Amino acid sequence: MPKLKTHSGAAKRFHKTGSGKFKRGQSKMRHILTSKATKTKRKLGGSAMVSVADSPKVSRMIPYA
């Protein structure tokens, strides 16, 4: 069986945790930040987990994570 290629875009966006789940960054923090509340920006600055439904897709894109 040949080696599987890692999706380089997904490798930059997702990281696997110790328990096997995938961590992701939040969206909506690139521009137009003046109209967003400070509380919202603080929340979006952190990371979140990939949903259970999307985890199989991410794990296929990052086979050796």
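No experiment lies behind these values; they were computed from the predicted model shown. In what follows, every heavy atom counts, from backbone to side chain, and hydrogens, waters and symmetry copies are set aside.
Taking both residues in full, the closest heavy atoms of K16 and A65 are given as CD-O, 3.6 Å, listed atom of the first, atom of the second, then distance. Nearest heavy atom pair, residue T6 against residue A11, reads CG2-CB, 3.9 Å. Of all heavy-atom pairs between K41 and K36, the closest is CE-O, 3.5 Å. Contact detail for K28 and L44: the closest heavy-atom pair is O-CD1, 3.8 Å. Across all their heavy atoms, K21 and M49 have their closest contact at CB-CE, 3.5 Å. Nearest heavy-atom pair, G46 versus Q26, reported as atom, atom and distance to 0.1 Å: O-CG, 3.4 Å.
When side chains are defined from C-beta on, L4 counts as touching Y64, because their heavy atoms get closer than 4.5 Å. Proximity of I62 to F14: side-chain heavy atoms (C-beta onward) are separated by under 4.5 Å at one or more points.
Remark: R24 CZ is packed, more than 12 non-hydrogen atoms of other residues, nucleotides or ligands lying under 6.0 Å away.
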